[in-house]
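When a ligand or atom number is given, it counts from 1 through the structure's own listing order. The residues of the chain are indexed from 1 along the displayed sequence.
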Amino acid sequence: MNESPLYSRLGAELEDKKSRGLFRTSGPSPLGAAVDMATNSYLSLHADPDVQSEAEYLADCCYSGNLASRIIETRSPLFETLEAELAEWKRTRCALVFNSGYVANLGMIGALCTRQTEVFCDRLNHASIVDGIRLAGATLTRYRHCDMFDLKTRLAASAKTERLIVTDSVFSMDGDIAPLADICELARRFRCMVMVDEAHATGVFGGTLSGLVEECGVESGVDVVMGTLSKAVAGLGGFFAGSTALRDCFVNKARSLIYSTGLPQSVLAHDLAAIRHIRRHPEAGRMLLAKARRMRETIRSLGFDTLNTSTQIIPCLVKSDSEAVELSAFLLSRGIKAPAIRPPTVPVGTSRIRFSLCSGHTEGDIALVTDALTDWKRSHG
Ligand SMILES: Cc1ncc(COP(=O)(O)O)c(C=O)c1O
């Protein structure tokens with residue numbers, strides 16, 4: 001038994017989380033759920049046979065093992081091909097692949113910002129953005145969620161000359177979307193750079209499914225497009241899309257890129273195969289969003305608060321942290337996997353079930369969920 005004060009404090013923190021119903025586990029996922037609404041594989045490409053066979057073909061052309069940081073050793077042509085196709089898809093000059101979305105945000109924000117930079121950050125932005133700003137030592141100014149008046153007021157009050165506005169395009173826990181056109185307009189007026197995290201929009205929004213930046217037509221106003229390869233692409237990795245100068249900046253300064261071994265070939269092969277599949281099937285996003293609209297309307301009609309979602313992510317608010325856990329367990333007993341999301345992932349008092357709708361879900365799956373929610377409402381009010 002370790003008796004150090006540090007170890008004791010960790011134990012006390014975990015006990016505190018348990019007593020407040022906030023303790024998390026990471027054991028094997030419960031088996032037997034017929035309907036899985038917990039994944040971010042929005043286009044159900046994690047098990048798509050076409051993607052799988054193309055990925056196998058692409059991976060076959062390369063060695064299977066790993067080498068070093070990309071700065072030291074980049075013998076795989078898959079990096080170049082993937083980045084060229086990402087840039088073409090995102091309609092930017094170039095792209096750069098990182099090992100995950102989390103480290104892409106950390107690395108890019110760290111490369112862009114110093115202590116002289118003020119970063120204006122939506123209150124509900126992903127944790128990786130906040131961590132990146134803190135690690136960079138930049139001034140973190142959080143504005144009220146999607147509130148352009150608050151953002152404008154804070155920009156006007158800022159004494160810094162170097163400014164960056166960062167926003168998720170689709171918010172991961174609320175499922176609503178950022179007012180990108182307004183943000184770009186404010187950035188222009190206040191001479192800021194703009195960075196948009198397209199983690200949950202890539203593969204779902206836009207005529208070619210490249211994201212909300214495309215859908216809103218604000219490509220020219222966004223300096224840094226960030227995306228992940230772990231949501232709709234159902235693989236692994238994060239990426240930058242933008243100018244050559246910024247790519248050079250990240251290759252030279254992004255510590256999470258420079259000081260970490262690159263992704264293995266099998267992963268790059270999956271990512272590339274999935275992106276090609278998405279680009280060949282641009283109708284998939286529209287169909288998913290239409291299905292999500294029907295599902296959220298039904299859930300709302302049952303009396304649940306689904307916040308301001310207009311996407312495939314459907315939050316379903318409950319009265320307490322413990323009710324979120326109970327409802328998640330109840331859903332599982334009905335064959336539905338949907339996670340309870342509690343603080344600190346979401347603000348205190350907004351615990352919820354997060355339904356993540358994917359292309360593979362059928363109308364029957366959705367009915368299973370809404371029937372279960374109906375029964376829950378009947379017994380819990
Ligand atoms: C908005 C947002 N950005 C970044 C990330 C991190 O991406 P990854 O899972 O690829 O590390 C996530 C992951 O949940 C996210 O929701």
If the cut-off is 4.0 Å to any non-hydrogen atom of [X], which atoms of ligand 1 fall inside it?
X      : value
Ser230 : 8 (P), 9 (O), 10 (O)
Ser172 : 16 (O)
Gly101 : 6 (C), 7 (O), 8 (P), 10 (O), 11 (O)
Asp168 : 1 (C)
Ala199 : 1 (C), 2 (C), 3 (N), 15 (C)

Check: Out of curiosity, Glu85 CD to Trp89 CH2, how far, rounded to the nearest 0.5 Å?
Finding: 11.0 Å
Margin query: Could you tell me if Thr139 and Glu118 have a donor-acceptor pair between their side chains, going purely by distance under 3.5 Å?
Written below: no
Notebook entry, point to check: Should Val325 and Ser322 count as side-chain neighbours, where that means a heavy-atom distance under 4.5 Å?
Noted result: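 No - every pair of side-chain heavy atoms lies 4.5 Å or more apart.
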Check: Does any pair with a residue in residues 211-230 pass salt bridge (Lys or Arg N to Asp or Glu O under 4.0 Å), and if so which ones, sequence neighbours excluded?
Finding: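 Every pair satisfying salt bridge (Lys or Arg N to Asp or Glu O under 4.0 Å) with a residue in residues 211-230: Arg91-Glu219.
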Check: Going by heavy atoms, is Ser128 under 4.0 Å from ligand 1?
Finding: yes
Between the side chains of [Y] and [X], is the shortest nitrogen-to-carboxylate-oxygen separation below 4.0 Å, so that they form an ion pair?
X      : Y      : result
Asp174 : Arg352 : yes
Lys291 : Glu363 : no
Arg334 : Asp371 : no

Give the residue and atom name of whichever protein heavy atom lies nearest to [atom], and the separation in Å to one decimal.
atom                    : value
atom 14 (O) of ligand 1 : Lys231 NZ, 2.7 Å
atom 3 (N) of ligand 1  : Asp197 OD2, 2.6 Å
atom 5 (C) of ligand 1  : His126 CE1, 3.4 Å
atom 7 (O) of ligand 1  : Thr228 CG2, 3.3 Å
atom 16 (O) of ligand 1 : His200 NE2, 2.5 Å

Check: Could Lys231 and Tyr42 be counted as a cation-pi pair, given that NZ or CZ must be under 6.0 Å from the ring centre and within 45° of the axis?
Finding: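 Verdict for Tyr42: no cation-pi partner in Lys231.
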Notebook entry, point to check: Is the Trp376 ring parallel, tilted or perpendicular to the Phe330 ring (thresholds 30°, 60°)?
Noted result: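 Correct class here is tilted.
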Notebook entry, point to check: Can you check whether Met226 has an N/O within less than 3.5 Å of an N/O in ligand 1?
Noted result: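 In this structure, Met226 places no N or O atom under 3.5 Å from an N or O of ligand 1.
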Item checked: Under 3.5 Å: N/O of Tyr102 near N/O of ligand 1 -> yes
